[in-house]
Structure formats: structure tokens, C-alpha cells
Amino acid sequence: LSTDKTVKVLNILEKNIQDGSKLSTLLNHNNDTEDEERLWRDLIMERVTKSADACLTAINIMTSPNMPKAVYIEDVIERVIQYTKFHLQNTVYPQYDPVYRVDPHGGGVLSSKAKRAKCSTHKQRVIVMLYNKVCDIVSSLSELLEIQLLTDTTILQVSSMGITPFFVENVSELQLCAIKLVTAVS
């Protein structure tokens, strides 16, 4: 592909990333029936998964060998980071570590040990798939950092994304990817 076409592909991928970058997968509509809530969740997870695929595709293009400087589009990189941070905080961490869950009923305050003791370890297949994709994105971002210099604000975002997993339980694969990311920053 020519550089112009590659840049156009990356801009299209950015729009796909943006589509799922602020969607919360933790629905709890009290007036919806179970079927309606399941349909909404399926629709949202489909969009979130499509955005994760767009993130991976964009990062894979940028980390390919012998890429021209024009493909390192800062907006696309920032959108990937924004997507990843949002879904780590709002989807992955709450699913894997109950301390990060928000009680929808605003119940009493439980200690982190009490929350962890009450949680179930069952994960939905789509959440596990999203977790694996986010791990791949974090790992690929570390490769991108070794190829391309990024702005200070972007580096700060990447740094916070790389350090946070060490305070979350049950995300060991993500922690390994985060080590790679943090060492690439330094």
C-alpha cells in the first residue's frame, strides 16, 4: 500500500476505535427485562470488540517494519490509549478485581478483603476475549514506544496505564505486558 492509502486506513480505524472508546459494558437498567438487557449488552460488546480489533490493527500497522513517518498519526495513537485506559478502568478491572466494582445500589461500604471474598471467579467469554485483546494492545504499545517518540502528555498517559495494573488482582498477563510497557517508557 502507498503511504497515502495507509494513512487513510488508519484514519478509518480511528473512527472505529472512537465508536467503542466510551461505551460502558456494565449495564444495569432496572426497568429493562432480562432479554432487553442481554441484547443491549451484546450490542455494546460487539461495538467494544470491533473497536479493540481496530486498535490492534492500527498498532500492528504502525509497528510493522519499514513504515514511513507519516503513519505514526498522533491522534490515532492517543485514541488507542484512550480506548485502552477507559476499558481497563471500566470493564477489565471491575470484572477481574471486585475492589474496582461500583455497587449499583449504593450499599454499605465493604473492605477490599470482604469484596474479594464475596466475588465469583466466573468471567463471560467476551470479557476474557476483550482482556486478551487489551493485553495485546498494551504489549504492542511498548513496541511502538521503541519505534516512535511520543509527546510528553502521551507518555504520561501510557505511564499511568502501565503502572495501574500492579494495583489490581487477577490480571497477571496484563501485569507482564505492563512491565514491558513501563520499561519501554524509561
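Residues satisfying the ring-ring contact (aromatic ring centres under 6.0 Å, His included) criterion with Y72, sequence neighbours excluded, are absent altogether. With sequence neighbours excluded, the residues that form a side-chain contact (heavy atoms from CB on, under 4.5 Å) with K180 are S139, S142, E143. For R47, the side-chain hydrogen bond (donor to acceptor under 3.5 Å, both in side chains) partners two or more places apart in sequence, or in a different chain, are D19. In this structure D53 satisfies the salt bridge (charged side-chain N to carboxylate O under 4.0 Å, His left out) test together with K133, sequence neighbours excluded. Every residue two or more places apart in sequence or in another chain that forms a side-chain contact (heavy atoms from CB on, under 4.5 Å) with Q82 is listed here: S21, K22, R79. Take K15 and apply the salt bridge (charged side-chain N to carboxylate O under 4.0 Å, His left out) test, not counting sequence neighbours, and it matches no residue. Among residues two or more places apart in sequence or in another chain, the side-chain contact (heavy atoms from CB on, under 4.5 Å) test is passed with L43 by W40. Every side-chain contact (heavy atoms from CB on, under 4.5 Å) that C135 has, sequence neighbours left out, goes to Y131, E173, L174, C177. Taking the side-chain hydrogen bond (donor to acceptor under 3.5 Å, both in side chains) definition, one finds that S160 meets it with K85, sequence neighbours left out.
Heavy atoms only, all atoms of each residue included: T151 and E78 are closest at OG1-OE2, 4.4 Å. Closest approach of S64 to N60, counting heavy atoms only: OG-O, 2.7 Å. I137 and A52 make their closest contact through CD1-O, 4.1 Å (heavy atoms, listed as atom of the first residue, atom of the second, distance). Nearest heavy atom pair, residue I17 against residue S51, reads O-OG, 3.5 Å. Closest approach of P165 and A178 over heavy atoms only: CG-CB, 4.0 Å. Closest of all the heavy-atom pairs between V48 and Y83 is O-OH, 2.7 Å.
For the pair D97 and V171, the minimum side-chain heavy-atom distance is 4.5 Å or more. With a 4.5 Å cut-off on side-chain heavy atoms, M67 and I147 do not count as touching. Between V126 and R41 there is no side-chain heavy-atom pair separated by less than 4.5 Å. Using a 4.5 Å heavy-atom cutoff, the side chains of T91 and Y96 are not in contact. Side chains of T164 and L88 form no contact here, defined as non-hydrogen atoms less than 4.5 Å apart. Within the 4.5 Å cutoff, no side-chain heavy atoms of L145 are placed close to those of L141.
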(request) Decide yes or no on side-chain contact (heavy atoms from CB on, under 4.5 Å) for I179 and F166, but give the supporting numbers first. (result) CA-CA 9 Å; I179 287 173; F166 298 107; 3.4 Å; yes
(message) For a side-chain contact (heavy atoms from CB on, under 4.5 Å) check, start with the C-alpha distance between Y93 and F167, then their side-chain angles and the critical distance, and finish with the verdict.
(response) CA-CA 10 Å; Y93 296 161; F167 301 100; over 6 Å; no
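Put simply, V138 and M129 are part of the same group of oily side chains (I, L, V, M, F, W, Y) that touch within less than 4.5 Å, one to the next. Placement of V76 and I61 within a single hydrophobic cluster is found when ILVMFWY residues are connected by side-chain heavy-atom separations under 4.5 Å, directly or transitively. A chain of hydrophobic side-chain contacts below 4.5 Å, direct or via other Ile, Leu, Val, Met, Phe, Trp or Tyr residues, connects I155 to L181. Y100 and V128 end up in the same hydrophobic cluster when Ile, Leu, Val, Met, Phe, Trp and Tyr side chains are linked at under 4.5 Å. Taking hydrophobic clusters as Ile, Leu, Val, Met, Phe, Trp and Tyr residues chained together by side-chain heavy-atom distances below 4.5 Å, I163 shares a cluster with V80.
Other residues, nucleotides and ligands contribute more than 12 heavy atoms inside 6.0 Å of the CD atom of Q89.
In this structure, CG on L23 lies 6.0 Å from NE2 on H87, to the nearest 0.5 angstrom. Taking CG of L144 as the start and CG of L149 as the end, the distance is 10.5 Å to the nearest 0.5 Å. We find the CG-CD distance between N170 and Q95 to be 11.5 Å, quoted to the nearest 0.5 Å. Residue I44 holds its CD1 atom at 11.0 Å from CD of E46, rounded to the nearest 0.5 Å. Rounding to the nearest 0.5 Å places CE of M62 at 10.5 Å from OG1 of T57.
Screening residues 155-168 for salt bridge (charged side-chain N to carboxylate O under 4.0 Å, His left out), with sequence neighbours left out, gives no hits.
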Identify all side-chain donor-acceptor contacts of residues 5-13 below 3.5 Å with residues at least two apart in sequence or on another chain.
residue, atom, partner, partner atom, Å
T6, OG1, S2, O, 2.9
N11, ND2, V7, O, 3.2

